[in-house]
Amino acid sequence: MKKLKIDWKQMFLEKGEKIGLGVALALTILFFLLGQIWGWTSGSPGSNAEALQTLATTVSNRQRQAKLEKGDADYPPEMQKAGDFVALKPVNPDEYRTAMMFDTPRQTDTKRRNPTIMAPDEFLVKSVLTQLRSYDLTVNKATGKIEKVTVVEGADTGMGGGAPGMLGPTVASQNDYRKRLGSMGGSSLGPTTPEGPPGGMGRFGYPGYGPGMAPTAGTKNTIKSIPVDQLDKLGQSYAFAEKVWPLPMVIVAGSFPYKAQVEEFQRALRLNSPRAVINEVNQYGRRGKDGRYPASFQFRGLEVERIEVGPDGKPVKRLGKETTWTPIDFERTYKPVVVFTGKRFEEEDPSLADLMPISADLMMGLPMQFHQDRYPKLLTQLDTIKKTLKEIQEKAAKDLVAPKSPFDQEDFNAFGGNTRPTTSPGGTGTFPPGMGEGPSRPLTPPGMSDPYNPYGPQGQQSEGLVPDHCMLRFVDVSVEPGKTYKYRVRVKMNNPNYAVEPGKRSDTYPHFAREETLVSPPVEIPQLVSVPAELHVYAVDQKEVEGRDYKGHNSSEQGNKQKVILQIHRWLDAYYPNPNDRRNSRVVGSWSVAERLGIYRGEYVQRMAKVEVPVKPLDQADFILANDPANRNPREKHLINVPFGDDSVLVDFEGGDMVYRKTIKIGEKTTTKNLADKAATEVLILSPDGKLIAHNSVADKEDSTRTQRLKNWREQIKKLKEGKPSGGTGGSPFGQP
């Protein structure tokens with residue numbers, strides 16, 4: 001028989017899958033059958049567990065019943081001792097516990113730490129255009145020193161002091177103005193401060209000096225320029241000459257968590273009460289010029305940074321680069337304002353009198369203006385401040401835990417007392433007037449064992465009320481009209497652990513004693529602020545608004561298909577009596593209105609308009625209407641040529657008076673009729689920076705700012721024509737710009 005030959009390789013190639021599946025199936029069936037057999041023969045789980053338990057019990061019983069057999073005593077002694085120990089009966093240790101005779105104290109660190117400086121928690125921001133009451137000072141361009149001050153001698157100077165209708169204050173009432181200037185750091189304004197235009201005002205520096213300071217013709221007063229060191233020789237017949245300083249500014253008001261800061265100092269300095277915190281004197285610190293030590297709890301003002309942003313809040317770009325945060329140098333910007341205004345500030349709201357002592361060193365004063373109530377009242381609108389004042393009134397607290405001003409009289413500081421004192425019925429007193437005139441903290445009484453707690457370990461004096469919040473405010477006088485800004489702030493305080501020689505101070509660690517001031521983390525103020533533009537164009541024809549009763553300027557000018565009537569409001573810093581002589585200017589610092597100007601399509605939105613202009617002569621106390629010496633018509637002697645507008649272009653307009661033809665069919669006849677209608681005027685203007693601006697006559701007509709500004713401007717002009725006082729005698733002539 002022939003042997004069967006199998007080609008395994010070929011077979012697996014052709015039928016390998018079937019062979020594999022068959023083998024797997026056979027193994028599965030085998031394991032299943034074995035499992036069934038083991039399950040039937042292995043017994044039940046209960047019986048198996050019972051058998052195991054029986055075995056375990058048997059072994060346990062044998063262990064408990066075991067006895068020493070003969071020969072076990074021959075084990076080594078160590079094994080026998082171990083057996084004896086195991087056989088001992090256990091005892092409860094709590095039955096033998098005794099009271100502890102010694103208590104080892106836990107190690108604690110009693111050294112002082114630096115407190116964390118809190119951040120302000122609420123803000124309000126507002127921009128304003130101001131008419132500051134400025135003295136006329138002559139500054140040496142090279143040294144920045146004030147050399148001369150202009151005074152007025154005449155019949156109207158005897159009752160100064162800023163009374164309505166009077167030149168003031170008188171030189172004699174100033175108690176030596178030279179000393180006042182000396183208290184501002186030697187009256188040096190720096191040699192790089194820019195000048196204003198002749199007779200005008202430096203927008204970002206001190207007021208200019210030039211022909212615009214000439215006395216007004218026909219007055220009885222005489223103007224003199226007196227060296228500062230000779231002022232004490234003048235008497236009551238002389239008064240300081242005043243002029244207008246037009247200056248845009250941004251005011252930022254906020255609140256600071258005062259109580260939380262006091263509690264943080266108390267914790268970090270290991271003191272026993274808020275009163276101890278407020279009254280602690282740092283005898284390791286640097287003495288002031290008066291020989292006194294600094295207070296431990298003392299605000300040192302604010303560090304403020306500013307960035308220019310667009311309407312979307314993002315930094316603007318200059319030459320392809322984004323602007324960055326820039327610190328505001330109050331020494332350079334705010335000090336000239338303080339000096340030229342004679343340290344005169346607007347009176348604070350009487351309702352804030354209780355918080356003024358506590359907020360002293362976080363507040364910048366608002367320089368005095370010619371018209372009262374022109375600054376926005378921001379502090380009284382803060383919710384945290386309103387809540388704190390309510391708490392003080394409810395508790396009738398007259399003993400507020402408040403620090404004193406630490407600044408020497410010869411130091412300039414933008415904060416620390418630059419406000420006008422104010423009181424209120426039942427209040428806690430006045431805020432120290434002037435700049436840096438408050439005393440520093442007193443020395444520790446002789447024999448005081450604990451220099452960090454003047455009232456002893458028990459706090460023997462009344463603690464008083466620690467208000468939840470105090471106020472803060474700063475003024476930025478270096479802003480530019482038409483721009484938008486964002487600010488961020490840090491609060492500065494004395495370092496209570498500072499030491500001139502850190503290594504000699506044992507109550508704290510040396511690294512806590514090195515920095516003289518502590519600063520809070522920066523806080524960005526969420527609100528953006530836009531400085532008011534100095535020019536506003538409105539698609540309004542005032543003659544159409546008032547109808548036939550209109551008697552304003554350019555009442556005869558008519559619009560047509562190529563010309564539209566516009567109204568332009570301009571903030572007028574100064575004007576030139578002779579437009580061709582740019583060296584001779586007159587300071588104004590006020591809004592001016594061109595009520596009706598006709599502009600053609602495609603032209604620049606700018607025209608010369610004759611309007612009345614209020615000015616403040618040096619030798620007079622109030623404003624007057626400027627005269628045009630070249631105009632001999634007595635009815636027009638107060639009309640001054642003032643340029644209105646800018647390089648914007650009138651692109652197009654439509655609306656206004658419109659006529660269209662309507663077809664009318666009567667029977668078999670068809671005729672046409674002209675129908676007149678009036679539509680809202682739409683005006684499109686291209687600004688100098690390339691932006692298209694749309695105006696609508698209906699919206700501009702109802703604009704409340706426009707109508708109020710026009711009304712106030714007319715009222716001021718009317719008062720001046722009637723010879724009534726208009727400056728420094730009550731409400732603002734323009735409200736809030």
Side-chain angles (χ1 to χ4, degrees), residues 127-131 196-197 200-204 246-249 308 310-311 316-318 479-485 530-542 552-554 557 559 562-582 585-613 639-653 681-697 699-701 703 705-706 709-710 713 734 737:
S127 59
V128 64
L129 298 174
T130 65
Q131 287 182 305
M201 297 295 170
R203 168 55 59 82
F204 307 116
L247 193 65
M249 63 176 63
E308 184 184 350
V316 299
K317 290 186 177 181
R318 294 277 186 264
V479 295
E480 298 182 45
K483 292 186 176 182
T484 301
Y485 299 99
S530 297
V531 182
E534 294 184 317
L535 188 71
H536 298 277
V537 178
Y538 300 99
V540 172
D541 185 345
Q542 196 64 32
H553 301 309
N554 294 337
E557 187 163 7
Q562 299 298 324
K563 181 174 66 174
V564 66
I565 303 298
L566 301 177
Q567 185 173 111
I568 301 179
H569 296 196
R570 177 190 172 186
W571 176 262
L572 192 61
D573 282 333
Y575 79 95
Y576 297 90
N578 182 359
N580 298 322
D581 183 6
R582 307 296 289 182
S585 67
R586 296 291 184 269
V587 179
V588 180
S590 176
W591 285 102
S592 189
V593 179
E595 297 186 13
R596 300 184 79 245
L597 292 178
I599 307 295
Y600 285 91
R601 185 182 284 107
E603 280 192 329
Y604 288 115
V605 184
Q606 55 181 232
R607 285 285 189 277
M608 294 292 292
K610 288 183 175 293
V611 296
E612 294 92 346
V613 177
L639 295 180
I640 307 298
N641 275 317
V642 174
F644 285 87
D646 55 12
D647 291 335
S648 299
V649 176
L650 177 60
V651 178
D652 198 6
F653 69 91
T681 303
E682 302 283 348
V683 179
L684 191 63
I685 296 176
L686 180 65
S687 67
D689 57 359
K691 297 179 181 179
L692 283 173
I693 303 173
H695 289 272
N696 179 279
S697 60
D700 286 358
K701 176 183 175 181
D703 188 291
T705 303
R706 181 198 72 84
R709 191 186 294 129
L710 175 63
W713 178 74
F734 302 112

Nearest atoms (heavy-atom pairs only) where Glu595 meets Gly552 = OE1-CA, 4.0 Å

So, does Tyr600 use its side chain to make a donor-acceptor pair with the main chain of Leu650 at under 3.5 Å?
-> no

List the steps and the verdict of side chain to side chain contact (heavy atoms under 4.5 Å, CB included) for Lys691 and Leu686.
-> CA-CA 6 Å; Lys691 297 179 181 179; Leu686 180 65; over 6 Å; no

Heavy-atom pair of closest approach, residues Asp646 and Tyr604 = O-CB, 4.2 Å

Which pair of non-hydrogen atoms, one from Arg570 and one from Val642, has the smallest distance, and what is that distance?
-> NH1-CG1, 3.8 Å

Side-chain heavy-atom pair Trp571, Pro481 within 4.5 angstrom cut-off = no

Is there side-chain contact between Tyr538 and His695, with at least one heavy-atom pair below 4.5 Å?
-> no

Side-chain (Gln567) to main-chain (Val540) donor-acceptor, under 3.5 angstrom = no

Validation row: Leu129, Pro246 side chains within 4.5 angstrom (heavy atoms) | no

Are the side chains of Phe644 and Val611 in touch, meaning some heavy atoms are under 4.5 Å apart?
-> yes

Do Thr484 side-chain atoms and Pro311 backbone N/O form a donor-acceptor pair below 3.5 Å?
-> no

Any side-chain heavy-atom pair from Leu639 and Glu612 closer than 4.5 angstrom?
-> yes

Short question: side chain of Arg596, backbone of His553 - any donor-acceptor pair under 3.5 Å?
-> no

Roughly how far apart are Ile568 CD1 and Ile599 CD1, rounded to 0.5 Å?
-> 5.5 Å

Gly310 versus Val316, closest heavy-atom pair with distance = N-CG1, 3.5 Å

Side-chain touch Glu480/Val531, heavy atoms, less than 4.5 angstrom = no

What distance do Asp541 atom CG and Leu597 atom CG have between them, rounded to the nearest 0.5 Å?
-> 11.0 Å

To the nearest 0.5 Å, how far apart are CD1 in Ile693 and CD1 in Ile685?
-> 7.0 Å

Say whether, by atom type as modelled, one donor and one acceptor occur between the side chain of Arg607 and the main chain of Gly645 under 3.5 angstrom.
-> no

In this structure, CZ of Arg586 is separated from CG of Leu572 (nearest 0.5 Å) by 13.0 Å

Distance-only, no hydrogens or angles: does the Asp703 side chain make a donor-acceptor pair with backbone N or O of Arg706 under 3.5 Å?
-> yes

What is the minimum heavy-atom distance between Trp591 and His536, and which atoms define it?
-> CH2-CD2, 3.6 Å

Does the Asp700 side chain pair with the main chain of Ala539, one donor and one acceptor, at a distance under 3.5 Å?
-> yes

Spacing of Lys483 atom NZ and Ser530 atom OG [to the nearest 0.5 Å] = 12.5 Å

Check Ile565 against Gly598 and note the closest heavy-atom contact, atom names and distance.
-> CD1-CA, 3.9 Å

Rounded distance (nearest 0.5 Å) linking atom CG of Asn696 with atom NZ of Lys701 | 11.5 Å

